[in-house]
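Throughout, residue positions are numbered sequentially from 1 according to the sequence presented.
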Amino acid sequence: MADTQPTPDKDDLRYLQLLAHDFPTISAVTSEIINLEAILHLPKPTEHFLADLHGEIDAFRHVLRNASGNIRRQVLEVFGTTLREQEIKELCSLIYYPEERLKIVRQADRDLHDYYQTTLSRLLPVCRRVSSKYTRSRVRKSLPQEFAYIIEELLHENADDRDKQAYVGVIIQTIIGTRRAEQFITALCYLIQRLAIDRLHLLGDIFDRGPGAHLIMDTLAAYHRWDIVWGNHDALWLGAAAGNACCAASVLRLSLRYANLGTLEEGYAINLVPLATFAMETYADDPCEQFHPHTEALTNKPSQKTERLLTMMHKAIAVIQFKLEGQLYRSHPEWQMQDRCLLEGIDAKAGTMTIDGKAYQLLDTHFPTLDPADPYSLSTEEAEVIRSLVHSFRISPALQRHAALLLSHGAMYATYNDNLLFHASVPLTETGEMKEVVVGGERVSGRALMDRVEQMVRAAFDDTLSREERNAGRDYIWYLWCGPDSPLFNKSKMATAERYFLSDRETWHEEKGWYYKLRDDAAVCDRLMDEFGVRGPHRHIINGHVPVRVGAGENPIKAGGRLMVIDGGFSRAYHNTTGIAGYTLVFHSRGFDLVQHEPFTSKEEAVRTGADIKSSTQLVEMTQRRARVYDTDKGSELRQQVTDLERLLRAYRKGIIRERG
């Protein structure tokens, strides 16, 4: 049959000539086409979704190591009928914590040679299984350099081939004989962890409440493939890193509220001495009853003396924050948040706060730095404290490095393999249409709104922009934290001051935006996915942000399976609210597993007894046909590459472009 493809035009020819630099011969082109077609028919790699980690470093690391139960599933599929439950538990524990488990083995009175041989013979089939979704080239890039050649040989030799059994056996015996067994076992375990998950998706809120947000960021910095859609708490820390004084004050207030200073002091070396000194001088005679930190979820509770200091610091920074908020709301009338300027409603002598013309009784009337004539002005001492604190945030190398990571790996939303990811919401109208919101002087909605918000965040860190543009972006991050039409908040107000100062709970109410009220409507979810260009018969929205109250019977699967909310309360502070300790989502070649976790005990317990996080798996959606790379976003890219290469091949064969070499 004659080739009826048209002759390439000038621009098309230029593109093919550029492509020819990488593939200069017909042989090179055909080899790459064969390679890409083979990759397209591999099983879809596994994706892992986590949300709202809130500094819970131990639980995060464990879930990362066990791949939300995916590694145990692989072990069961390999050995489910041949190993006892205790042996499976010990093998999984070894894969999760190889150094620690091997130390326990060494201390036990046992035949180490036999243990090493048995363990290697079990680890290799598991490693072969988790590597089966990847090309040899991809696996090779993941191998530890020290043992790369040996592992590659063992992974790709058929142990069932009788001619190869002696070959494999000699390799294993030599590894043991040269006293490299423990290093080799450790390398295999970490390789299994790496290959079990192809990509990690974070649905936001790494920071606040828990003690180890900085350690989570360090872990992510070394992780092979990950991305994040920013949460409101991530935005707050980005604002502090950018020099937004209001964000810095709120970061401190939240840290003091939960008696969690590890991330601030140990992680980012934020100097808290000026705040502590000011608080002790200003609030020494104030019981600060409303500002006692929440220590219920802490394993190491502060001493009485330390708790008293934290209480005074908590009140000091809260008052500073409320003053800074008022300054921002007055300077940004376009936010329409002047109703959140609450300090002017305080009458300390009468003991009341007036909101919308109604006077409420105050729980606290001691405001030594509040000037009734100018309630939002900072005292000289307060101004110096916040100046010092903002400077600390701005010059912290670790914080600036982590902010850069959030910017390079993050966005307001993402689409992957027919899934739309965002942390909290997309502002909607009462009828479920995309709501128009003013951002940076532009009226935008839906996808354009999310894009414009992201531009504002990035502007705060862009040294190529004018100071005015950077300041506008820096200020806007505060609106992103608590603004009514912020995609990361989307409530009528953030009732922080009311919760501190008023007992009347009607003032605490935060009316949720229409997204939260309509997200169980299938038509609304379909409209949102259409807006963001998410296609396909098995498309979904995946959110975090609002903890799912499992104990109260709330279902994380909404809108007929179109929406999954996977914030189940990783943070210890939420465990009583949700009744569980978090959700994670695993998307593999056969469908979605929603994994519900119980609280993590400790790493020490997991190592010593082999205890895993107790989890239950809910099959959200299983496909009849196993998904291939062909069905993914990467598959679309590869198919386009094949099409381009086929056009180059025709150009070579027609003599339009000549082979080189």
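- The aromatic rings of H366 and Y283 lie perpendicular to each other, with more than 60° between the two planes, well past the 30° mark.
- S503 places none of its side-chain heavy atoms less than 4.5 Å from the side chain of Q361.
- Here the two rings, on H214 and H402, have centers that are 6.0 Å apart or farther.
- Between the CD1 atom in I566 and the CG atom in L585 there is a gap of 5.5 Å [rounded to 0.5 Å].
- No donor-acceptor distance shorter than 3.5 angstrom exists from the side chain of E511 to the backbone of S492, with no hydrogens or angles considered.
- Put simply, the side chain of R562 gets close to the backbone of A559: a donor and an acceptor are under 3.5 Å apart.
- Looking at S396, its side chain does come within 3.5 Å of a backbone N or O of Y268 through a donor-acceptor pair.
- Judged purely by atom type and a 3.5 angstrom limit, Q327 uses its side chain to pair as donor or acceptor with the backbone of Y376.
- Aromatic ring orientation, W335 versus Y476: perpendicular (interplanar angle above 60°, classes split at 30° and 60°).
- Here L215 contributes atom CG and T263 contributes atom OG1; the two are 7.0 Å apart, rounded to the nearest 0.5 Å.
- Environment of NZ in K435: sparse, with no more than 12 heavy atoms of neighbouring residues, nucleotides or ligands closer than 6.0 Å.
- Within the 4.5 Å cutoff, the side chain of M412 has heavy atoms near those of the L488 side chain.
- Crowding of Q336 atom CD: a count of heavy atoms from other residues, nucleotides or ligands under 6.0 Å not exceeding 12.
- In this structure, the side chain of D205 engages the main chain of N232 through a donor-acceptor pair within 3.5 Å.
- With contacts defined as side-chain heavy-atom distances shorter than 4.5 Å, the pair I317/L389 qualifies.
- The number of heavy atoms from other shown groups lying within 6.0 Å of NE2 (H391) does not exceed 12.
- Within the 4.5 Å cutoff, the side chain of K315 has no heavy atoms near those of the T282 side chain.
- Without hydrogens or angle criteria, W508 side chain to L502 main chain gives a donor-acceptor distance under 3.5 Å.
- Panel note: side chain T311, backbone E307; a donor-acceptor pair is recorded below 3.5 Å.
- Taking 4.5 Å as the limit, some side-chain heavy atom of T496 sits within range of a side-chain heavy atom of F322.
- Considering CD1 of I541 and CG of D526, their distance stands at 8.0 Å, rounded to 0.5 Å.
- When each of W237, W230, Y258 is paired with F207, the ring-ring contact (aromatic ring centres under 6.0 Å, His included) condition holds for W237 and for no other.
- Between Y500 and H314, the distance from one ring center to the other falls under 6.0 angstrom.
- Between R539 and D530 a salt bridge is recorded (basic side-chain N to carboxylate O distance below 4.0 Å).
- A donor-acceptor pair shorter than 3.5 Å can be found between the side chains of N419 and H540.
- With a 4.5 Å cut-off on side-chain heavy atoms, K517 and E430 do not count as touching.
- We find the CG-CG distance between L480 and D475 to be 12.5 Å, quoted to the nearest 0.5 Å.
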### Task
Might you work through the side chain to side chain donor-acceptor pair (under 3.5 Å) test for Q455 and R452, ending with a clear yes or no?
CA-CA 5 Å; Q455 290 168 11; R452 186 71 184 104; 3.1 Å; yes

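- Scanning both residues, S392 and A269, for their nearest heavy atoms gives OG-O, 4.3 Å.
- Taking a cutoff of 4.0 Å between a charged side-chain nitrogen and a carboxylate oxygen, D339 and K493 do not qualify as a salt bridge.
- Side-chain contact of S425 with K512: a donor-acceptor pair under 3.5 Å is absent, judged by distance alone.
- At a threshold of 4.5 Å between non-hydrogen side-chain atoms, the residues L310 and L261 count as touching.
- Without hydrogens or angle criteria, R447 side chain to F532 main chain gives a donor-acceptor distance under 3.5 Å.
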### Message
If you apply the rule side chain to side chain donor-acceptor pair (under 3.5 Å), what do you find for H201 with D227, and how did you get there?
### Response
CA-CA 5 Å; H201 302 291; D227 53 78; 2.9 Å; yes

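- Going from atom CD of E454 over to atom CG of L407 covers 9.0 Å, rounded to the nearest 0.5 Å.
- In terms of modelled atom types and a separation under 3.5 Å, the side chain of T295 and the main chain of K301 share no donor-acceptor contact.
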### side-chain contact (heavy atoms from CB on, under 4.5 Å) between V426 and M434, intermediate numbers included
CA-CA 8 Å; V426 176; M434 308 297 148; 4.3 Å; yes

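- Side-chain atoms of S255 come within 3.5 Å of backbone N or O of V251 as a donor-acceptor pair.
- When all heavy atoms are compared, the tightest approach of T352 to A359 is CB-CB, 4.3 Å.
- Proximity of I346 to P375: side-chain heavy atoms (C-beta onward) are nowhere separated by under 4.5 Å.
- Taking the six-membered ring for Trp and the full ring otherwise, the centers of F367 and F501 sit less than 6.0 Å from each other.
- For the residue pair H332 / E334, a side-chain donor-acceptor distance below 3.5 Å is found, with atom types taken as modelled.
- In this structure, the separation between CZ on F422 and CG on L528 is 5.5 Å, given to the nearest 0.5 Å.
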